[in-house]
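Values reported hereafter were calculated over all heavy atoms of this structure, with side chains retained and with hydrogens, waters and symmetry mates removed. If you read the sequence from its start, that first residue is 1, and numbering goes on from there.
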Amino acid sequence: MGSQQSALQEKKIVVVGGGFAGAHAAKHLKDKCHLTIIDPREYLHYTIGSLRASVEPDITSPRAYFATAFLRQECTCMECKATLPMADEGTHDCQSDIEKMMSRPLDALPTPSMEALGSHILKTKLQQSEDGMAVSFKQVVCICKPLTAICMPKPRVDSGAASQTMIRRRSKLLERARDIVSGGASVEQLRHEISKSSSELQNDLQGINDAKVMISAEEFLSLKADMGSSWKRSRVEKCDSMYNLKLAFGSLKKQVNDLQESSWRDKKFRAFAFGNYEYLCKMYDVAGASGRHCCLWCYTTKLQMRQPPTSQGNIIEARTLETLQRDLQNFRNDGSKPDCMKTCNNVIEEPLFNIPLDQVCIPGLHISLGLFLKHFNSYEDKLHELDIKLAATMSINDIPAQTTQKFEETCQKLAEARALEEQADDLNETVMLLREHLTGLSKADPNTEIYAAMIRDHLKEKEKLLKESKEAKQQTPKLKRADGPIVRKLEETLQLIKVHHQAYHGRSFVGNQVHRCCQKENIDKLMSVAPDAMGSLCPQLLPEANTISRKYRTLFRLFSVCHKQINVCSVLSDEDIQSLAYIVQCIHVYDLVITLNLRVHVWFDWNIEGFESKIFVPHADAWGDSFKQGWATSIDPKKKVVVLESCEEVPYDIVIIATGSSGPFPGKLGLNIVTSEEAETHYQKLQEQIKLASKITIVGGGAIGIEMAGEIKSDFPGKDITVVDSGADIVHSSFKEKFRQRARKQLEDMGVNLLLDGSETCTVKTDTGQEIISDLVILATGLHANSDAYESNFADRMDDKRLLKVNDFLQVEGYEDVFAIGDCNNADQVKMAVKAQNQMAVLAYNLEALATNRRMKPYKEESIMSLSLGRNAGVTQFKSFVFGPLFTKKLKSEDVWIGQFWKETMKLNLQN
């Protein structure tokens with residue numbers, strides 16, 4: 001092997017073409033010779049993934065996407081009633097009552113509007129405050145210092161008759177007020193208050209202090225039994241309070257520490273912590289979700305969580321037991337004051353156990369259940385909106401049967417309002433006719449005054465009717481969720497599959513119920529609620545119901561896969577994490593109405609760039625100085641040089657021609673598109689076109705056309721897809737009938753229309769006279785060789801398809817030092833990327849054999865094809881064996897080999 005490598009290292013090998021075949025050639029030769037790879041484009045176009053890039057949108061920054069979608073929404077100014085986009089809200093200027101309120105004298109009584117505005121401002125600042133009790137106003141008229149306000153609700157009962165919970169809440173308010181008034185020295189302030197209090201109060205306090213005793217767990221259990229009370233009635237604090245946790249785990253701390261220091265057969269024990277997020281934060285005495293540094297595992301802040309990962313700046317430091325100890329020491333050095341928690345990263349006490357934080361498991365089930373509830377609530381909101389539209393539509397029709405009384409009352413009120421509006425419209429038309437007559441009369445005409453009076457009367461009557469219509473709408477009873485027939489049908493379906501809301505915790509679902517909801521048949525039942533109900537109630541709204549059902553069916557199916565993957569009792573491998581990340585990406589694509597909890601920043605760390613950015617691999621990053629960008633205009637076998645368009649001559653000892661082929665977009669891209677940015681733009685435009693089109697025609701029933709139909713149907717199952725081909729069957733006839741039969745069956749199951757035996761023209765009209773009306777036509781009509789680089793000197797070595805004739809060893813006929821691989825040679829009957837890879841494997845052996853005068857290996861074409869029909873379907877043929885969708889999904893359909901190609905062929909890391 002050493003002599004073979006040394007022989008090749010003295011050779012100058014030039015690869016003309018940086019496509020799939022050229023990349024595999026460069027992969028085998030990069031470290032074995034003086035390699036030069038020539039291509040006019042700065043990137044390699046990974047054509048295997050080009051069809052998926054046509055339908056999968058770019059979601060590089062989901063926060064930016066949601067922000068853009070929000071800013072495009074229209075809003076109405078409450079003052080001037082002007083309609084404008086949310087993006088222009090900050091620059092909109094109109095006359096407002098707020099300026100009038102600010103100019104009023106301070107001794108004037110506040111108006112109801114001022115009371116409402118002040119209450120809203122106070123509630124807003126309380127909501128945004130850390131404790132929900134105190135807020136600060138930085139700028140107050142006539143006051144130099146900031147003003148601090150404490151929210152103290154007016155008591156309905158005195159503290160003597162109030163419950164213990166209410167008394168503790170009031171004590172907390174007083175403690176907060178004392179802390180603010182004393183400037184943080186609340187203990188000194190309280191001591192001063194007690195010293196100034198009456199002697200009777202001091203004696204009572206001394207008696208309470210003297211009566212303080214500790215009751216053991218055994219005695220407390222005996223006391224509870226004697227009283228005949230349950231734990232819930234006898235407990236003073238919540239069972240998961242910090243005091244109870246310390247009491248329960250105090251004796252276990254030493255045992256856990258001893259366990260971690262022990263070993264068995266020279267292997268150390270490791271302790272892992274599990275639990276919900278609140279419990280885990282208390283276990284390490286971190287403030288948790290309510291603190292500024294709310295993450296248990298790192299030092300990110302709430303503000304950073306609201307930004308995309310690319311905008312968060314430097315790498316965020318991870319929390320460890322050492323950093324927790326450092327923060328705790330800082331907190332104690334600052335006097336253990338609550339106001340110092342922010343500066344000490346919200347660490348307030350010693351951890352209960354010394355278990356490293358990288359051995360604390362993320363509560364995936366709780367995150368998954370919370371996200372399911374958000375998705376379900378969003379779906380329920382959409383159905384409720386559909387109920388409201390149904391009520392408005394039925395207000396002008398007969399009220400359907402099987403509706404609630406509240407729903408019927410809503411329809412009747414809306415019908416009354418609509419009838420008044422129709423009367424007002426009739427009057428408006430009459431006014432328009434009278435004005436037309438009036439314009440044709442002179443002032444002296446006696447009918448002028450009559451027409452004018454009639455117009456005034458009609459206008460007054462119109463205003464009266466509109467006012468009555470407005471009042472009728474205001475009197476319309478608010479339609480509650482349970483009163484709408486569609487939401488009611490959803491609840492009945494939940495009961496049918498034995499799933500019930502919890503009566504508390506925001507009507508959430510427990511784990512077993514979410515698992516039951518995520519079953520495919522139950523998802524179909526839940527998502528069919530709106531179309532089934534609307535079909536009998538109001539067919540006019542059936543298209544909107546179908547749209548909602550289709551979108552949320554896809555969303556919940558994706559979520560079900562994610563839910564099952566994250567809730568497993570095993571360690572996730574790198575492949576599992578990549579798969580989970582991909583599912584999360586797909587959820588973001590369909591999740592256009594859900595605003596995910598911004599504090600769950602782990603999810604946003606898994607966002608993947610759009611697929612169109614992955615199919616363009618930079619040559620310079622992969623091959624370094626071996627890559628030369630330029631157009632090869634000719635190959636001179638006599639001089640042994642490759643001539644570029646710039647007239648530069650690149651000498652060679654061996655030349656490998658891998659110029660590939662060209663074809664219609666999106667299967668191929670023109671060679672004149674030399675930058676990846678421009679190339680990505682083409683796919684992004686096609687993504688939008690496919691998204692907007694309802695009917696799509698694909699001309700060409702080969703592998704590209706069939707895979708294109710499968711990709712579109714996978715992401716947009718509701719679109720009407722037709723594949724047109726002049727042949728009698730799909731794909732190439734060299735493949736087994738069983739292979740083509742399985743592909744046809746899967747396409748038919750997906751709803752793809754196959755129109756074969758029709759010679760297609762540019763008007764998409766078959767020779768049978770059948771015309772196809774489409775919103776979008778995609779061409780997949782075959783490929784032709786890129787022969788510009790070799791046709792001038794190898795014209796006599798080309799066949800009628802402009803392919804180079806090669807011998808069994810992939811040498812161009814008549815030339816020992818000129819090889820051709822991939823789509824530009826005539827070695828294979830069917831051109832595919834995987835066959836170019838097989839050719840290069842043989843060529844790599846033959847190059848080494850040629851350098852050492854050994855016998856070369858002949859290339860034999862193998863019958864192999866893997867046809868992916870979206871992410872979950874496809875068919876594969878290898879020699880005489882045919883495999884179905886399950887095998888093809890694992891082999892190719894899931895990721896179309898994109899990660900493997902980046903890592904193994906291009907020797908690069910695919911950044912997710």
Discussion item. As an exercise, state the distance from CD1 of Ile698 to CG of Asp725, rounded to the nearest 0.5 Å.
Written reply: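 Going from CD1 on Ile698 over to CG on Asp725, the span is 11.5 Å.
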Please say whether more than 12 non-hydrogen atoms of neighbouring residues, nucleotides or ligands are located less than 6.0 Å from [atom1] in [X].
X	atom1	result
Lys27	NZ	yes
Lys489	NZ	no
Lys736	NZ	no
Lys801	NZ	no

Quick one: does [X]'s side chain get under 4.5 Å of [Y]'s, heavy atoms only?
X	Y	answer
Asp720	Ser694	no
Ser378	Tyr552	yes
Ile497	Gln519	no
Val731	Met865	yes
Arg52	Ile615	no
Phe819	Leu804	no
His28	Leu843	no
Glu737	Val882	no

Treating [X] as the side-chain partner and [Y] as the backbone partner, does any N or O pair qualify as donor plus acceptor under 3.5 Å?
X	Y	result
Gln513	Val499	no
Asn825	Ala820	yes
Asn826	Leu803	no
Arg740	Asp729	no
Lys831	Ala785	no

Practice prompt. State which residue, out of Thr722, Ile712, Val723, fulfils the side chain to side chain contact (heavy atoms under 4.5 Å, CB included) condition with Val752.
Written response: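 Filter result, single survivor: Val723.
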Item to complete: On the 0 to 90° scale, with breaks at 30° and 60°, tag the Tyr46-Phe20 ring pair as parallel, tilted or perpendicular.
Response: tilted
Worksheet item: Can you check whether Phe559 and His375 have ring centres sitting under 6.0 Å from each other?
Response: yes
Discussion item. Between Phe665 and Tyr683 (judged by ring centroids, cut-off 6.0 Å), do the two rings come close enough to count as a pair?
Written reply: yes
Worksheet entry | Ion pair check, Asp715 and Lys691, cut-off under 4.0 Å |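 Salt bridge absent between Asp715 and Lys691.
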Please name the pair of heavy atoms, one in [X] and one in [Y], separated by the smallest distance, quoted to 0.1 Å.
X	Y	result
Ala530	Leu383	CB-CD2, 3.7 Å
Asp524	Arg557	OD1-NH2, 2.8 Å
Lys713	Gly751	CE-O, 3.7 Å
Ala545	Met534	CB-CB, 4.1 Å

Worksheet item: Would His45 and Phe616 satisfy ring-ring contact (aromatic ring centres under 6.0 Å, His included), going step by step from the backbone distance to the final call?
Response: CA-CA 5 Å; His45 181 199; Phe616 302 111; 5.3 Å; yes
Worksheet entry | side chain to side chain donor-acceptor pair (under 3.5 Å) between Thr876 and Thr888, worked out | CA-CA 6 Å; Thr876 298; Thr888 308; 2.9 Å; yes
